[in-house]
Trainee: 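Please find one structure pasted underneath; my questions will follow.
These figures come from a predicted structure and were not determined experimentally. The sequence lines fix the lettering, A, B, ..., with proteins before strands; numbering per chain opens at 1.
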2 protein chains.
Amino acid sequence: MVTIKDVAKKADVSVATVSRVINGLGGVRPATEERIRKAVEELNYLPNVIARSMVMKRTETIGVIVPDIANPFFPEVIKGIEEQARDSGYTLFLANTDESVEKERQLLHALRERRVDGLIVTTADEQHSPLMDLELGGLPVVLVDRHIQDSPYDSVVIDNVDGAYTAIKHLVTTGHTKIGLIAGPDHVTPGRERTEGYVQALRDFEIPARDQYMKEGDFKEESGYQLGKELLSLSDPPTAIFSANNLMTLGLLTCIRDQGRELGKDIVVVGFDDLDIATFVDPPLTVVSRPMRQMGEIAADMLVERIQGKTFPEPRKVILIPRLIVRSPDRVE
Amino acid sequence: MVTIKDVAKKADVSVATVSRVINGLGGVRPATEERIRKAVEELNYLPNVIARSMVMKRTETIGVIVPDIANPFFPEVIKGIEEQARDSGYTLFLANTDESVEKERQLLHALRERRVDGLIVTTADEQHSPLMDLELGGLPVVLVDRHIQDSPYDSVVIDNVDGAYTAIKHLVTTGHTKIGLIAGPDHVTPGRERTEGYVQALRDFEIPARDQYMKEGDFKEESGYQLGKELLSLSDPPTAIFSANNLMTLGLLTCIRDQGRELGKDIVVVGFDDLDIATFVDPPLTVVSRPMRQMGEIAADMLVERIQGKTFPEPRKVILIPRLIVRSPDRVE
DNA sequence: TTGTACGCGTTATCAC
DNA sequence: GTGATAACGCGTACAA
């Protein structure tokens, strides 16, 4: 490998001078600079960022931990993060936990060993996140999508209660009173809060909540299918179902099809998070949509600020408002 | 930050000894080791991998470059890579080019500066990949999905010709002779070869190829929509269309719906790469499917071997065979 | 304007 | 068994 020393030798100057021009510090005679640039060029010299970060004590690197990179939500968030991060000169370490706390712990370890300057994470389990019992030593962290109660970290989340509430309100407005829920897991806020919005809306509209209409899934496709089946086979089934995330909505739709029910007639579906098939099923699906990319951008911005040493009296919490995309009449017959 | 020195001081030994126990080199008195482990524990010491890699001259880090992380194909591949890489102790730098050669160049630069031990990349442009004109200095590279002609790199790809051929054969077998093609871009093998499979099949089955049935898209949803429209509005439209990737298939299906055509009756669709909606449309879609995860695993394996210094007389090229998933009769009326 | 020399946190090579 | 110490490649006082 060619080092700064080689360049110095070739340009017949000291390493200090080379360093100066590489980092644009100025104070170098134009002729000298010219010689150095030429040497850099000819030797195909590439600064060793590893060595640099040793002395600078920062790696210009950000760790990003998501629970499921195959869920279309996260790639969009990641795009937002990456774009913003790159603008500030950071490169990403991306890692996937598969919703496993254990993997999250291992990844956290690996990233800290690598001395990332900061972390953006969607934890696998808010109650038992390794983020809390690990001694992070002041490493900046920003939470995305899932908030950790009483944590010292900034976070950017969605107003899930509002989103779910709006969805249910829409269903009530279009005439439904028998509304089923395929909920997310209770140990993460997106799960808990969407259920909360559902319950709150029913209460506000004075519709009695029935236990058998509320099923808790795990945000995965299969559970949407299973729970949909349970709901549809009730003796007095709901006329509408609110599904708490994209993957479960997918499963639910498959189930409805398999059961020979007619969407929009036998059963109306509204889902949290938009998906490809939403505009394909007939009638198209009304969904709660949110600014995924923007969530990533904001997270990256907040993290960079923290890395730069900004402090705030309280951890910041940015709450974005989701938007209901009405695609069908969704009326009950 | 607590360093190896702090541990040494606390355990009253030299840094050398601490290093020995951390790396399990043995040759340390059990009592001493015990003291050291305790010190590590109490100080919450985390080895600095950055410093280590300075002397070891390797970072245990792999750069992964994909053109579009939002295309469901890549997250699956990435999962395969990550799993396998982690087993070998590597952590990933993930980056997204958005199909831009310029971004690819920048990312390559950033990753090389960070001294990744190897690279797994799906290039944005096989003809003008920065991989070729950059002086990589022997850095191991494995290509995924898109092959670069005459490059010295290992690659893992799909037999696109076979996949497309099989799809067309299926259509011919089910009675179609008027078969349209929504092709991928010609400057990448997946595009070129799938077209080749289409052409080859038509020839073998003695069906004249018509120019107006062949449209070249860019692998993005919008182009599937546009080209579908063109095909459907021909005076003598095809009875079946083969779409060269998932996103374009998505666009095509939307188009068919918008145009009020009836899938499976007015027009039959077969797509390359499976997608969520494939089982949702009615009738369900027959698709060419491939082992995405496995592609990632193989790529990671090959890269690790290269990093470990294995050499081969020729660059290796692993060609996986795709599988046709027949979901409908697909007969022509 | 430029050069010397030290330090960043580790590992590895010698001595002891 | 254990300890000094020289690298690794770079940034930066400080000196010249």
Side-chain angles (χ1 to χ4, degrees), chain A residues 1-40 43-61 89 109-117 137 139, chain B residues 1-37 39-40 43-61 89 110-117 137 139:
Chain A
M1 258 291 103
V2 24
T3 78
I4 199 174
K5 229 183 218 159
D6 302 314
V7 177
K9 200 169 300 173
K10 176 141 195 162
D12 197 32
V13 292
S14 75
V15 293
T17 307
V18 177
S19 177
R20 281 185 195 105
V21 347
I22 285 175
N23 297 298
L25 296 189
V28 176
R29 199 189 314 261
T32 317
E33 168 153 1
E34 184 49 40
R35 270 205 333 276
I36 292 175
R37 293 211 179 284
K38 208 176 114 220
V40 165
L43 292 177
N44 203 345
Y45 168 69
L46 207 62
N48 185 330
V49 174
I50 294 296
R52 175 183 297 161
S53 58
M54 280 273 337
V55 15
M56 302 301 263
K57 292 173 150 325
R58 48 196 167 76
T59 55
E60 317 256 272
T61 260
H109 187 83
L111 293 175
R112 295 205 304 138
E113 277 189 338
R114 284 181 164 78
R115 297 299 191 265
V116 293
D117 292 337
L139 181 66
Chain B
M1 257 296 99
V2 23
T3 78
I4 199 175
K5 233 184 212 158
D6 301 314
V7 176
K9 201 170 300 174
K10 177 141 193 163
D12 197 32
V13 293
S14 76
V15 294
T17 309
V18 177
S19 179
R20 282 187 195 103
V21 349
I22 286 175
N23 297 299
L25 297 189
V28 176
R29 201 190 312 262
T32 318
E33 168 153 4
E34 183 51 38
R35 267 197 347 271
I36 292 174
R37 293 212 178 284
V40 165
L43 292 177
N44 204 344
Y45 167 70
L46 208 61
N48 186 330
V49 174
I50 295 295
R52 176 180 299 163
S53 56
M54 278 270 342
V55 17
M56 302 300 263
K57 292 170 154 320
R58 50 195 166 79
T59 56
E60 317 257 271
T61 260
L111 293 175
R112 294 203 306 137
E113 275 190 339
R114 284 182 164 77
R115 297 299 192 264
V116 293
D117 293 336
L139 182 65

Trainee: Write out a two-atom table: protein N or O, nucleotide N or O from nucleotides 3-7 of chain D, distance below 3.5 Å.
Mentor:
from	atom 1	to	atom 2	distance (Å)
dG3(D)	OP2	S14(B)	N	2.9
dG3(D)	OP2	S14(B)	OG	3.3
dG3(D)	OP2	T17(B)	OG1	2.7
dG3(D)	O6	R20(B)	NH2	2.6

Trainee: Could I get the full list of side-chain contact (heavy atoms from CB on, under 4.5 Å) partners for K5(B), not counting sequence neighbours?
Mentor: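 Per chain and number, K5(B) pairs via side-chain contact (heavy atoms from CB on, under 4.5 Å) with T3(B), V15(B).
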
Trainee: In whole Å, what is the span from the CD1 atom of I4(B) to the C1' atom of dT2(D)?
Mentor: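 These atoms are roughly 14 Å apart.
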
Trainee: Return the CZ to CD distance between R20(A) and E33(A), rounded to the nearest 0.5 Å.
Mentor: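 Rounded to the nearest 0.5 Å, the CZ-CD separation comes out at 12.0 Å.
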
Trainee: Rounded to whole angstrom units, what separation is found between the CD atom of E34(B) and the P atom of dT2(D)?
Mentor: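 These atoms are roughly 13 Å apart.
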
Trainee: Taking side-chain contact (heavy atoms from CB on, under 4.5 Å) as the test, write out the residues that go with R29(B), two or more places apart.
Mentor: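 Only T32(B) meet the side-chain contact (heavy atoms from CB on, under 4.5 Å) criterion with R29(B).
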
Trainee: Could you give the CE-to-P distance, from M54(B) to dG9(C), as a whole number of Å?
Mentor: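 From M54(B) CE to dG9(C) P: 13 Å.
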
Trainee: Nearest whole Å is fine: how far is dC14(C) C1' from L25(B) CG?
Mentor: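 That distance rounds to 16 Å.
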
Trainee: For the helix from dT1(C)-dA16(D) to dC16(C)-dG1(D), what is the angle between the axes at its two ends, each from 5 pairs, rounded to 10°?
Mentor: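 The end axes of the helix from dT1(C)-dA16(D) to dC16(C)-dG1(D) are about 40° apart, to the nearest 10°.
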
Trainee: Check side-chain contact (heavy atoms from CB on, under 4.5 Å) between S53(B) and all other residues, then give those that pass, not counting sequence neighbours.
Mentor: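 S53(B): side-chain contact (heavy atoms from CB on, under 4.5 Å) contacts with I50(A), T59(B).
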
Trainee: Of the nucleotides dG9(C), dC10(D), dA12(C), which one has an atom closest to the side chain of N48(B)?
Mentor: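 Closest of the options to the side chain of N48(B): dG9(C).
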
Trainee: At 4.0 Å (heavy atoms only), tell me whether M1(B) reaches a base, stays on the sugar-phosphate, or touches nothing.
Mentor: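 No contact.
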
Trainee: dT2(D), dC10(D), dC8(C): which one has an atom nearest the side-chain heavy atoms of R29(B)?
Mentor: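 Looking only at side-chain atoms, R29(B) lies closest to dT2(D).
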
Trainee: My understanding is that only residues two or more places apart in sequence, or in another chain, count here; which of them pass side-chain contact (heavy atoms from CB on, under 4.5 Å) with E113(A)?
Mentor: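 H109(A), L46(B), P47(B), V49(B).
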
